[in-house]
Amino acid sequence: MSSVNCPIVVLDSGLGGLTVVRALRRALPHEDIVYFGDTARVPYGPKSAATVTTFVHEIISYLLPYDPKHVVIACNTATALALPTVRTAFPYLSISGVIDPGARAAVEAAGQRQHPIIGIIGTEATIRSRAYERAVIRRRQYARLVCLATPLLVPIIEEGRSPDDPLVVMAVEQYLRPLIQRRIDVLVLGCTHYPLYKGLIARVVGPQVAVIDSAEKCAEDVLRRLRASNLQRQPRPESASLRCFVTDDSPRFATLAARFLGLNVPPPQWVPLEELHAHGPARAGRLSLRPVV
Ligand code: DGL
């Protein structure tokens, strides 16, 4: 049984989930965090639901010895493809994702409009899954959605290009043009990597469009959950810890992590994929690979 002193586990395909860590640090400054970036297998965006579900299962299973009081799937793709299945596989764990908080925030930002036009950008898998459409329509039946896959952005961000790089500006302008033409009211950054380019994206779509950062909304959601279950940690003299795991032992992590987080992260611990495979659903024999829809 988890206690108030247990850490929050945050996982993503790569560095993008660190934007959620940054938001969690602000919302819950006293919580210890264990971060897992599956940097050897990023991107998840072009992969199938069965593959991504297996990856997420392996990571959660690997981190069980840390006795997490909450697990955040800080990746829209993994949330869209794997969340219901891993909730079934680990019924005793509290697990949340980023899509519901993002959709809720989009509807709030649409205000009283009867037929708001809500744009969503994300990876191919997130857009194909229609998870955002379902989450928005559940809350605002007559919302109109314009959903667009922007697959180049994740590799560009993982490469470490800054938002004023001409290639980045060109990609963002090209991708967002159809959304601007549709006169969207709200734009959801449906990928935890995208907040890194939030300023640029907001500039390109213009001040009339509310840009929703799913990382911030996800952190608010975790805060609400911990409060509701009385698991929020109280202020303490020692500072909260951040421990990072990665599946690819590349020096790039520390440099880019500093940019994503705005602070230095400790050197990550490398987890070889063979070690992770031993925690997979097939080995554990606990989970059908067929995703729950
Ligand atoms: N950060 C992940 C997300 O929020 C996507 C990156 C990837 O394609 O792996 O969807």
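Read the numbers this way: they start at 1 and go in the same order the structure lists the ligands and their atoms.
With respect to the salt-bridge test (charged N to carboxylate O, under 4.0 angstrom), the residues R41 and E58 qualify.
Crowding of R139 atom CZ: a count of heavy atoms from other residues, nucleotides or ligands under 6.0 Å exceeding 12. Other residues, nucleotides and ligands place no more than 12 heavy atoms under 6.0 Å from the CD atom of Q112. Summarising the local packing, CZ of R130 is surrounded by 12 or fewer heavy atoms from other residues, nucleotides or ligands at distances under 6.0 Å.
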Would you be so kind as to tabulate the donor-acceptor pairs closer than 3.5 Å made by side chains of residues 141-152, with sequence neighbours excluded?
| unit_1 | atom_1 | unit_2 | atom_2 | d |
| --- | --- | --- | --- | --- |
| R144 | NH2 | H115 | O | 3.4 |
| T150 | OG1 | Y194 | OH | 2.7 |

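Aromatic pair F245/Y35: centroids not less than 6.0 angstrom apart.
For ligand 1, the 4.0 Å heavy-atom shell contains residues D12, S13, V42, P43, Y44, G45, C75, N76, T77, T123, V154, C191, T192, H193.
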